[in-house]
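Keep in mind that what you see is a predicted model, and the values were worked out from it rather than measured. Nothing fancy with the numbering, it's 1 onward along the sequence. Any value given below was found using the heavy atoms of this structure, including those in side chains, with hydrogens, waters and symmetry copies removed.
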Amino acid sequence: MIARLDLRLVPTALAVWAVTLTGLLVGWFPAAVLALLCSLAAPLVWRAAPTRPAARGTLAVLLLAGVAATGIAVRAYGVEHHPVRLATEHGERATLRVVLTSAPRPLRGAAFGARRAADRSLVRAELQSGELAGRRVRAGGAMVLLVPTAGWRDLIAGQQVTATGKLSPPRAGELTVAALQVFGQPADVGAAPGWQRVAEDLREGLRRVSADVLSPAAAGLLPGLVVGDTGRLPPEVEQNFETAGLSHLTAVSGANLAIVCGAVLVLLHLVGAGPVMSAGGAGAALVGFVVLAGQEPSVLRAAVMGAITLLALVLGRQRSALPVLSASVIGLLLILPDLAMSAGFALSVAATAGLVVLAPVWSSALRRRGVPIGLAEAIAVPLAAHVVTAPLIAAISGEVSLVAVPANMLAGPVVAPATVFGVLATVAAPVSTWLAGVLGWLAAPELEWIILVADRAAAVPGAAFDWPSGTVGGLLLAALVVVGLVALRGKRIRWAVAVMVLLAALVLVLVPVRTMLPGWPVPGWSMVACDVGQGDGLVLATGGPDEAVVVDTGPDPQRAAECLQRLGIRRVALAVLTHLHADHVSGLAALMGKVPVGAVAIGPLREPAWAMDDVTRDARAHRVPVVPLLSGQRVVWPGLVLDVLGPDPVLARAQTADDANDASIVLLATTPAGRVLLTGDVELPGQGRLMSSGADLRAEVLKVPHHGSRYTTPLFLRSVRPRLAVISVGDGNTYGHPSPFVVDDLTRAGTKVLRTDQEGDIAILPGPQGPRYVARGGPLRAGES
């Protein structure tokens, strides 16, 4: 079957991709040299073309590679010599008139302090004109704007705006003239084209209907399936999708378009439409979906890949699908050369190639062995897509998922009906809210099933393991995949592999996590400082079975929840947020999504406002009360007593979001391992107030304030006199934490300093002569006096 594939256009597509990458990564001059070499070699090959079939293929490669090299050289030269690009070298300020080509997208990633990544958004635009150092600029060009989310979130593609900010060089490998850092509001905002406004109203209708009739997780997932909008997808669900290999479901891909167009084809076939009408209907659905999802390069790429998938899987033209795929790659790269650097483009091409080349072969092989046709396709399609994309995913993420294929097999059958119901709900929302709600309700079981599959797959111990990232890691896995595919041609090897896979699956499912991680969690622990990166995440045992109190949840959406999972915690009696900076609260939503939480406790300062809003919204979504925790209060469990030492409520309310560290809740925890002082991020003024309050600050264990920053006084450390000092700090952070002076002060006083960036998770537990500690996977050690 593989030998009969038409591979003639594949070398040409690879050549066009290679020369486009050369122009993007190296510059216009090497691309121009390649164009010249192709133009010189083409006449020589032309002379042999009529008599040698191989020469005709070489000629096609040279001609199209030369066209691509010439095009990218001209574009790259224009970008490199653009007046706005030249101004980026000096960081000049500019006022530019632009047309937005995408909606603002909030940035993702860990956030620290009073700000979060989502406070800033990225929006792509096309330059129209502007003012630069007193001179007018009228040359066009692609721009990237980094803007405040609050003032720009309601804008959509197609609107003209005036933006003022500081110019900076764009990211390498893009035909973008500049990045503009904007800190103000958009000015002179123009109206969007009517069709863009209609598309945005349809998307908003889908979000509204989803929120009305679906659970929070399903309401965030449905817009992701339909138009790739994951803005309301809970972070714990998003992480589960990544681990389970299902994140492709929430990106606009050829699969989305194939589902929609396939549904239209089936409907037209049922009503007796002929081939011409069916093709026209599917084409209209394709165009409509592109308008609905947005005309960004990723959507246009998905439209092409979706059409190819339909060609191969719906019309059964496998032999012609690969030439069409190659021609589409060539055409897309000539029109949108930036796609050559897009990981999404590479994944789409690879997945589509797997679907049109491998999936039919494997499905036929399974059917010949007695597997029913539906089950054969359910196995072959996700397996083919995963096999060909696994090396790319490993190169990008540095991770290989072991559960992706079974997870996709289980979730795959319900993706199509959920997507179709979602599209119908989107179209019905402007006409009838009731009908749209019914259609959204019909999608609910499928959505909940997908969420359940992702949750169970991500919970499998060893669901994903680390792999070398980058080109080397990708090539290594690709080589292993090729060797494996060749080896599997032998019947005995296939049976051996099947037995090994079955045994591995049984081990992964049945062997507990703690058996795979010797010595962790250590029995009898009183406190664990979780390695959550540059932030705080502490867990205190209450004495109840599998129950704990959590103090802060770190900057990462997942790491605190993962730490609780490693510890076997099934219920959080109380989650204390010492203050509302992002590096202490960003993991709360994921934590509440993983385990039941009795209550969330906050201090008297309710700033920054965005964090308070997020905490309130997330707690309400999980039906968790938010309660105040004030100085003088005591909370008691069988194995834990918490005394609140600070802050002073009156002084704390006078703080602002930017100096909220001294409004941190300070707790003295009495545990079987001794007294533990938890200090949040209190700095010099807050430490001074604690010492002058008359409270007994002595403790066997100290959680060092503010990640060991230099704003910790030696007098405060001497007041505590800890035997163990725990510093929760991120590896390679840019803040200089912990301060060498603080570490030296503690060490000179005989305190053992423990750092999460060096030890990982750190457990504190009682010992015969004081507290002991053990790092995750490390030996048990006694504290030092």
Side-chain angles (χ1 to χ4, degrees), residues 20 23-29 31-32 70-107 119-197 200 294-297 300 334-339 341:
T20 305
L24 291 173
L25 294 174
V26 186
W28 68 269
F29 185 75
T70 302
I72 194 64
V74 171
R75 295 189 188 191
Y77 180 87
V79 168
E80 290 182 26
H81 294 81
H82 196 285
V84 175
R85 166 64 73 88
L86 298 176
T88 64
E89 299 174 2
H90 308 289
E92 296 182 21
R93 289 185 61 82
T95 299
L96 304 176
R97 185 70 174 171
V98 298
V99 175
L100 304 188
T101 55
S102 74
R105 297 180 182 273
L107 298 176
D119 287 341
R120 301 285 286 171
S121 290
L122 184 146
V123 58
R124 296 190 177 275
E126 185 71 22
L127 177 64
Q128 301 295 298
S129 62
E131 186 172 327
L132 185 64
R135 64 184 187 277
R136 297 290 297 174
V137 176
R138 294 195 178 277
M143 298 281 300
V144 171
L145 279 59
L146 296 173
V147 301
T149 300
W152 291 69
R153 62 161 56 95
D154 295 328
L155 299 180
I156 64 174
Q159 290 186 277
Q160 285 197 18
V161 300
T162 299
T164 300
K166 181 180 179 181
L167 291 170
S168 59
R171 189 174 60 181
E174 292 184 353
L175 295 176
T176 304
V177 297
L180 185 69
Q181 299 184 50
V182 181
F183 294 95
Q185 304 303 310
D188 301 325
V189 178
W195 60 274
Q196 289 274 24
R197 176 52 61 188
E200 177 58 27
Q295 299 72 54
E296 299 178 32
L300 298 177
L334 291 176
I335 299 170
L336 301 169
D338 281 341
L339 288 176
M341 287 287 295

May I have the list of side-chain donor-acceptor pairs in residues 175-187 shorter than 3.5 Å, sequence neighbours left out?
residue, atom, partner, partner atom, Å
T176, OG1, E174, OE1, 3.2

- Where do I72 and A31 come nearest, in terms of heavy atoms and distance? CG2-CB, 3.7 Å
- Note on the structure: Looking only at heavy atoms, the pair that brings A87 and L167 closest together is CB-CD1, 3.8 Å
- Query: Mind checking what makes side chain to side chain contact (heavy atoms under 4.5 Å, CB included) contact with L334, not counting sequence neighbours?
  - Reply: V67, A68, I330
- Could you check if a side-chain atom of W152 sits within less than 4.5 angstrom of a side-chain atom of P104, using non-hydrogen atoms only? yes
- Min side-chain heavy-atom separation V84-V137 under 4.5 Å: yes
- Which residues satisfy the side chain to side chain donor-acceptor pair (under 3.5 Å) test with S168, sequence neighbours excluded? none
- Note on the structure: Taken in chain and number order and not counting sequence neighbours, the residues that satisfy side chain to side chain contact (heavy atoms under 4.5 Å, CB included) with P193 are W195, Q196
- Flag the pair L100 / I156 as yes when at least one side-chain heavy-atom distance between them is below 4.5 Å, and no otherwise. no
- Task: Would you indicate whether the side-chain heavy atoms of T20 and P337 approach each other to under 4.5 Å?
- Result: yes
- Only counting residues at least two apart or in another chain, list the ones meeting side chain to side chain contact (heavy atoms under 4.5 Å, CB included) with Q160. R97, V99
- CZ of R197 to CD of Q159: how many Å apart, nearest 0.5 Å? 6.0 Å
- Item | Non-hydrogen atoms of P170 and R85 that approach each other most closely | CG-NH2, 3.3 Å
- When rounded to the nearest 0.5 angstrom, what is the spacing between CG in D338 and CZ in R75? 8.5 Å
- Query: Looking only at heavy atoms, what is the nearest atom pair of E126 and G140, with distance?
  - Reply: OE2-C, 4.2 Å
- Query: At what distance, to the nearest 0.5 angstrom, does CD of E200 lie from CG of L155?
  - Reply: 10.5 Å
- Item | L145 to A125 - nearest heavy-atom pair and separation | CD1-CB, 4.2 Å
